[in-house]
Protein chains: 2
Amino acid sequence: MTESVLETDRAAGALPNRNSDSHAVAAQFAALSHPARIEILKHLAASNSCCCREVVDRFDLAQSTVSQHLKILVEAGLVRFEPDRQRSRYAVDRLALADVSASLNALVNSCCSGR
Amino acid sequence: MTESVLETDRAAGALPNRNSDSHAVAAQFAALSHPARIEILKHLAASNSCCCREVVDRFDLAQSTVSQHLKILVEAGLVRFEPDRQRSRYAVDRLALADVSASLNALVNSCCSGR
DNA sequence: GCCGTCCATCGTCTATCGCCGATGAACGAT
DNA sequence: ATCGTTCATCGGCGATAGACGATGGACGGC
């Protein structure tokens with residue numbers, strides 16, 4: 001997909017980017033920036049693990065659309081994919097999710113401590 | 001804590017219920033899903049409050065672009081806007097930011113209580 | 001064999017994003 | 001009154017997101 005767009009803030013150099021790597025963090029937020037994906041995430045967590053079809057039945061979305069959303073979640077590292085027969089099992093990567101939460105906490109902290 | 005999951009919080013109620021409305025949460029994540037906006041947020045926090053021009057000087061972006069990013073942050077409720085004479089003062093809404101963090105924490109928790 | 005199911009991917013469409021330059025309003029200073 | 005500065009907005013452009021239907025591969029069952 002798109003990697004390394006926006007060298008703007010990097011090339012600027014004005015703020016030498018003590019890296020919490022806004023790119024990476026932003027990318028994970030982007031994966032969470034769609035209501036359907038949040039709902040899918042919740043559903044995956046509640047079911048512990050489920051296949052694409054199951055998600056399609058749950059939500060009013062075409063199979064191809066659901067497949068895309070799942071792919072985005074997998075590529076963001078928030079969901080693990082495991083082929084099972086001809087089914088595809090998807091499961092929330094709870095550690096990764098906790099990691100994103102930690103990133104946001106760090107951002108909030110840096111915003112509250114001023115620096 | 002009521003962890004009966006599997007609910008469709010996407011109800012018809014349209015109640016501005018913050019923590020569970022995935023649409024609202026997604027919108028706030030969307031505001032955070034751009035590296036420039038994350039950097040701007042950090043800069044606002046470090047400066048405690050600053051005007052558009054100051055942000056423009058800091059980053060290698062056109063003034064109109066910065067203005068748009070700030071508008072997005074304001075509309076997401078993460079940044080407060082206060083017209084000050086000719087300038088526009090922008091400041092991080094730390095409470096709102098903490099709220100987003102809490103939302104994500106809630107999501108992570110709901111995902112971890114699934115099993 | 002054949003058929004049905006599950007799924008990822010492709011192609012296509014529209015809507016929105018992200019960027020910019022230009023414009024004009026608002027205000028302070030001269 | 002006339003600058004100079006700050007800023008929000010408009011219009012345009014290319015790129016991307018998000019949705020769908022259609023296609024075809026991989027399996028399991030008959």
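Each chain gets a letter, A, B and so on, in the order the sequences are listed, and its residues count up from 1.
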What is the distance, to the nearest angstrom, from the CZ atom on Arg53(B) to the P atom on dC7(D)?
8 Å
Nucleotide dA8(C), atom P - distance to CG of Leu70(A) in whole Å:
7 Å
Whole-Å distance between dC17(C) C1' and Leu73(B) CG?
14 Å
Rounding to a whole Å, what distance do you find between Leu32(A):CG and dA17(D):C1'?
16 Å
Going by the rule side chain to side chain donor-acceptor pair (under 3.5 Å), which residues pair with Asp99(A) if we only count those two or more places apart in sequence or in a different chain?
none
dT9(D) phosphate, OP1 or OP2: any side-chain N/O from Lys71(B) under 4.0 angstrom?
yes
Could you state the NE2-C1' distance from His69(B) to dT9(D), rounded to the nearest angstrom?
16 Å
Between atom CD in Glu75(A) and atom P in dG18(D), what is the gap in whole Å?
13 Å
Arg37(A) CZ to dA19(D) P, straight-line distance once rounded to whole Å:
8 Å
What's the closest nucleotide to the side chain of His34(B) if the choices are dG18(C), dC20(C), dG18(D)?
dG18(C)
Does Ser64(B) make a side-chain N or O approach to OP1 or OP2 of dG21(C) shorter than 4.0 Å?
no
Is there a donor and acceptor pair, one atom on the side chain of Gln68(B) and one on the base of dA8(D), closer than 3.5 Å?
no
Evaluate whether atom CG of Asp84(B) has more than 12 neighbouring non-hydrogen atoms of other residues, nucleotides or ligands under 6.0 angstrom away.
yes
Donor/acceptor link under 3.5 angstrom from Thr65(A) side chain onto base of dG18(D)
no
Does Val55(B) form a side-chain contact (heavy atoms from CB on, under 4.5 Å) with Tyr90(B)? I'd like the steps, not just the answer.
CA-CA 10 Å; Val55(B) 179; Tyr90(B) 291 95; over 6 Å; no
Verdict with supporting geometry, Lys42(B) and Ile38(B), side-chain contact (heavy atoms from CB on, under 4.5 Å)
CA-CA 6 Å; Lys42(B) 288 184 191 172; Ile38(B) 292 183; 4.0 Å; yes
Backbone N/O of Leu32(A) and side chain of Arg37(A): donor-acceptor pair under 3.5 Å:
no
Residue-level proximity of residues 83-93 of chain B to DNA chain C when a heavy atom falls under 4.0 Å:
Arg85(B), Gln86(B)
Evaluation steps, side-chain contact (heavy atoms from CB on, under 4.5 Å), between Arg58(A) and Ile40(A):
CA-CA 9 Å; Arg58(A) 210 57 138 200; Ile40(A) 289 176; over 6 Å; no
In whole angstroms, the gap separating C1' of dG4(D) from CD of Gln63(B) amounts to 15 Å
Closest non-hydrogen atom pair, Gln63(A) against Val56(A):
CA-CG2, 3.7 Å
